Amino acid sequence: MTVDGTSHALAQGQDLHALEAAVVAADRAGADVVTVTLYGNRALDVVVTPGVAIAFEVEDVPDEDRDDGDLDNPFDVPDFEAFDG
């Protein structure tokens, strides 16, 4: 999910169709907050307004057992700089 130019990887269990519907409904209402669960079991509140660009991209990735959407048990996600070598 890309919000205003910033990419956010969604949790494996995130319902993409429900999320898309919530974003469209928030946009049509003029503004609303949509909460998504990100990879790493973290929550992100997105303020959706008609001026905020949101895009969805689907990509198959390997399963990650830790990525179960449990916001009470987040796990560390290495940043890209960790892979520089």
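Just so you know, these numbers use all the heavy atoms, side chains as well, and skip hydrogens, waters and symmetry mates. Computed from a predicted structure; not experimentally measured.
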Roughly how far, to the nearest 0.5 Å, is the CG atom of D68 from the CZ atom of F75?
-> 8.0 Å

R66 side, atom CZ; Q12 side, atom CD - distance, nearest 0.5 Å | 10.5 Å

Determine the minimum heavy-atom distance between G30 and P50, stating which atoms define it.
-> O-CD, 3.1 Å

Shortest non-hydrogen separation from A43 to L71 and the atoms involved = N-CD2, 3.7 Å

Of all pairs that satisfy salt bridge (Lys or Arg N to Asp or Glu O under 4.0 Å), the ones with a partner from residues 14-43, not counting sequence neighbours = none

F56: which other cluster members, linking ILVMFWY side chains closer than 4.5 Å, directly or transitively?
-> M1, V3, L10, L16, L19, V23, V34, V36, L38, L44, V46, V48, V52, I54, V58

Any donor-acceptor pair under 3.5 Å from N41 side chain to G69 backbone = yes

